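In each ligand, atom 1 is the first atom listed, and ligand 1 is the first ligand listed. These figures come from a predicted structure and were not determined experimentally.
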Amino acid sequence: MGYIFSISVLILLFCLIIVISFLSFKKKTHLGNLQGDALIACFLLLGSYALNVQIDKIEAKEIFCSLQFVFADMMLFITLLLVYEIAERKRNIIAISILGVGQIIDATIFLTNRSHHLWGNYSISTGRNIKYAVLVPKTGLLVSIIYVFIMLSLMVFALLVKIRKSSKLYRTRYVESLIIVLLMVALLIYSFTQSGKKYGLFAPIATVLVLSFYYVSYCASPLSVLKQISSFVDSNILDGIIIFDHHGKLLRANNNAVSLFESKAEMALKDELLKKFQLEDKETVVWKEIKQNHYEIHYKPIYDDKNIFVASVFTFHDITENVSRIEKEHKMATFDQLSNSFNRSGFLEACRKVLEDTENDTTYALLISGIVNFKGINSLYGSNFGDKVLIGMAESLHSLHHKFEMIYGRTAEGKFTSLIPFEYVDTVVEELSKLTVEGEDHSKIHIDICNGFVVMNDKKRPIGYYYERALLALDKCKKKVDTPVLEYTKEMAEEQRRYQLMREEMRAAIDKKEFFIVLQPQIDMKENRVCGAEALVRWNHPILGLVFPGDFIPLFEDNGYITKLDRYVWEETASTIREFMDRGVYDGHISINVSRVDIMSFDVCDFLINLVEKYKIPVEKLHVEVTESALVNGKDSLVSTLEKLREYGFIVEIDDFGSGYSSLNSLMHIPFDVVKLDMVFMRELTKAEKDEIIIGSIAKMIHDLHASIVVEGVENQDNVDMIHRFKGDVSQGYFYSKPIPKEIFLEYVSNFK
Ligand code: C2E
Ligand code: CA
Ligand code: CA
């Protein structure tokens with residue numbers, strides 16, 4: 001019976017060893033491998049023991065008895081490594097090597113003990129119907145015993161150190177390991193004291209102990225550890241966490257969550273939280289303000305691996321810092337520090353918000369107010385003064401703040417834009433017109449402000465649409481004298497469109513021969529014949545059709561393209577004179593117009609001299625018309641150019657005389673041969689008889705200066721009579737002919753009576 005019991009225990013142990021070592025190796029970790037190795041040693045130990053019992057031959061029994069010692073040593077050695085691994089203790093290679101060598105020597109002595117009997121003699125022990133060989137120790141065995149106890153001490157030491165150092169939470173594991181090692185010590189002491197008699201129990205008990213390491217290192221991860229750790233995690237984490245079980249019962253709420261909701265009762269119901277923060281019953285994230293702080297609230301239902309709902313988790317992540325940083329950045333990006341008002345993007349954004357308010361049925365106007373010649377103000381008075389102007393303007397706008405609903409911001413360098421109820425446009429314009437800023441010498445400097453506005457009839461239109469239009473009105477307003485405000489009209493957009501089309505086409509137009517000249521005849525009043533003509537440019541624009549110079553000359557003067565166009569027109573004129581001479585059809589002169597931009601940009605004189613030489617035309621056949629407005633900027637270059645031209649023989653004509661600021665004054669400075677008076681100016685003068693006296697004396701003065709008078713804009717017989725009265729020399733105007741193409745001009749000349 002006892003025999004069968006022992007055999008059953010052995011078989012059970014073998015099976016356990018096989019299963020557990022398989023599981024250990026399967027883990028593929030260092031610890032798992034050592035565990036497996038230790039169990040193999042146990043397997044061999046147990047096997048030797050079984051064979052010692054089972055085989056009848058005495059010699060074989062003795063060999064297996066020796067092998068038992070060898071494998072027990074091996075098992076202890078591997079267990080030492082295993083304990084070191086459990087205790088996470090660094091292995092000292094030298095110590096391990098010494099122990100390994102000791103192991104080999106010890107094993108060799110055991111294996112050869114039958115020949116030298118150094119460590120003991122064998123005897124046969126009998127008990128419970130089984131017989132097996134045992135070793136009756138001699139003093140020599142003490143060496144082996146010491147070696148074994150050194151290994152055990154190392155294990156105990158390693159575990160004690162680990163127990164002292166580790167958190168209470170994890171101590172259980174090391175304490176359990178220590179108990180196993182101490183049991184081993186006890187088992188060994190017991191076995192040694194029994195040595196020579198019976199220690200059949202050593203192998204199975206040692207195996208059980210080694211097996212129990214497996215439990216300690218893998219299975220025993222106690223729930224209490226987990227619970228405690230998660231409560232540490234809960235209280236250390238910055239987020240608030242609330243967990244409900246599958247019935248909605250509160251499982252856990254960390255301190256942060258509790259402090260957020262004051263009492264746990266308030267958050268007892270999961271559904272209430274879902275409702276309160278408008279979370280859906282699936283994974284959702286929302287941003288909410290709770291007690292003046294901003295939170296990112298995350299709701300997550302948890303499902304097990306079979307997709308069965310098990311719990312719901314709410315986390316509250318404090319994003320207040322992020323939100324205030326973003327708000328600060330937003331303010332920086334939408335605010336103009338200097339004027340303490342919105343910048344362009346901030347203003348447009350604020351406008352959008354006002355206009356999106358569907359209940360608001362105010363009719364708004366978008367008003368852009370621009371400082372006239374802001375650049376000039378900056379360069380004249382300095383940028384500090386410029387800043388003061390901007391601040392003053394912002395303050396003026398701010399002062400209206402309480403009178404009616406408005407938002408405003410500095411939307412460009414020297415421009416403020418306001419969104420105001422339509423009926424208050426005049427109030428704002430008036431307030432801004434009073435703006436004065438103190439200069440460095442404490443004098444009050446008045447600042448001119450122009451305004452352009454647009455009525456926002458359709459709130460659904462993008463704000464940029466209105467902004468562009470108000471800007472257009474402002475630009476137009478800036479060009480008008482004594483007009484403080486202009487409302488946007490469709491014509492402005494049309495003009496803008498025409499400008500755009502002209503700008504796009506401009507560069508290619510000369511090459512595409514889109515420009516051509518027309519000639520307006522000039523009549524000699526004494527001889528009553530066509531004595532000359534003025535060359536005027538026309539543009540045959542591919543989209544706009546025939547465009548008159550009044551439409552594009554100001555644009556070209558602005559962007560400098562006029563210089564290229566004029567050189568082209570002059571050359572066309574010179575070649576026309578040449579052609580007319582060659583054909584013998586016309587021997588009068590043709591006048592060309594010179595812009596003040598030309599005079600400032602290149603050597604006009606040089607160019608014209610080259611031209612008459614190139615086409616071999618008598619210099620007096622090409623007259624040069626200059627307006628006195630050219631005097632305003634660059635008086636010196638104008639005077640020297642005209643002097644050079646006259647020296648060479650060109651006839652110089654002062655165009656549009658009387659339209660400028662200081663007509664008489666200009667006559668003192670500019671060298672000239674002819675003065676062109678425009679009937680349009682004179683019509684305004686002829687209201688009273690007194691005015692005719694003025695015209696008469698101007699004419700006399702011109703004649704006294706040995707210059708002749710050309711009157712242009714002559715439209716009727718009255719004009720002609722008047723010219724005769726003050727002895728005008730030449731007339732030009734619709735009364736005689738409009739500007740006409742070359743061939744028609746020649747017909748006109750030959751038919752003139
Ligand atoms: P401007 O030099 O004073 O030219 C005379 C303008 O008066 C011409 O207009 C002409 O068509 C117009 N006109 C002629 N007779 C009468 C009349 O009886 N009544 C009225 N109301 N108007 C009359 P246009 O051709 O439209 O030229 C306008 C201005 O454009 C010119 O004024 C001149 O300053 C400028 N311009 C024309 N061609 C050129 C050019 O090739 N180069 C430059 N730089 N400027 C040019
Ligand atoms: Ca002219
Ligand atoms: Ca003129």
Proximal heteroatom of [X] relative to the Ca ion (ligand 3) (N/O/S):
| X | result |
| --- | --- |
| Asp656 | OD1 |
| Glu712 | OE2 |
| Asp655 | OD1 |

Quick check on contacts: which atoms of ligand 1 are under 4.0 angstrom from a heavy atom of [X]?
| X | result |
| --- | --- |
| Val537 | 38 (N), 39 (C), 40 (C), 41 (O) |
| Pro739 | 11 (O) |
| Glu712 | 3 (O), 5 (C) |
| Leu536 | 4 (O), 8 (C), 10 (C), 25 (O), 37 (C), 38 (N) |
| Asp656 | 3 (O) |
| Asp566 | 40 (C), 41 (O), 42 (N), 43 (C), 44 (N) |

Subject >> Closest Glu534 atom to the Ca ion (ligand 2) [N, O or S only] >> reply: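 The Ca ion (ligand 2) is closest to the Glu534 atom OE2, counting only N, O or S.
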Subject >> Residue Glu625 atom name (nearest to the Ca ion (ligand 2); N/O/S) >> reply: OE1
How does [X] reach ligand 1, by side chain, by backbone, by both or by neither, if only non-hydrogen atoms under 4.0 Å count?
| X | answer |
| --- | --- |
| Ile553 | side chain |
| Met679 | neither |
| Val518 | neither |
| Gln520 | side chain |
| Glu534 | side chain |

Quick check on side-chain contact (heavy atoms from CB on, under 4.5 Å): which of [options] does [X] satisfy it with?
| X | options | value |
| --- | --- | --- |
| Ile723 | Val714, Leu677, Asp718 | Val714 |
| Leu366 | Ile463, Ile420, Val425 | Ile463 |
| Ile517 | Ile592, Ile590, Thr573 | Thr573 |

Original post:
Can you find a side-chain donor-acceptor pair between Gln520 and Glu534 that sits under 3.5 Å?
Top reply: no
**OP:** Indicate whether the side chain of Ser396 and that of Glu431 have a donor and an acceptor atom separated by less than 3.5 Å.
**Re:**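 Note: Ser396 and Glu431 side chains miss the donor-acceptor criterion.
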Original post:
So is Arg538 close enough to ligand 1, meaning a heavy atom under 4.0 angstrom away?
Top reply: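 Contact present.
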Answer yes when [X] and [Y] have at least one side-chain N-carboxylate O distance shorter than 4.0 Å, and no when they do not.
| X | Y | value |
| --- | --- | --- |
| Asp704 | Lys700 | yes |
| Lys676 | Asp656 | no |
| Glu579 | Arg583 | yes |
| Asp475 | Lys479 | no |

Subject >> N or O contact, Gln732 vs ligand 1, cut-off under 3.5 Å >> reply: no
Subject >> Distance-only N or O hit between ligand 1 and Asp655, under 3.5 Å >> reply: yes
**OP:** Taking the side chain as every heavy atom from C-beta outward, state whether Phe735 and Asn719 have any pair of such atoms under 4.5 Å apart.
**Re:**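 No; the side chains remain at least 4.5 Å from each other.
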Subject >> Test of ring centre spacing under 6.0 Å for Tyr736 and Tyr748 >> reply: no
**OP:** Decide, counting backbone as well as side-chain atoms, whether Thr627 has an N, O or S atom less than 3.0 Å from the Ca ion (ligand 2).
**Re:**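 It does not: Thr627 brings no N, O or S atom closer than 3.0 Å to the Ca ion (ligand 2).
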Subject >> Parallel, tilted or perpendicular: rings of Phe552 and Trp539 (30°, 60°) >> reply: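 Perpendicular: the ring planes of Trp539 and Phe552 meet at over 60°.
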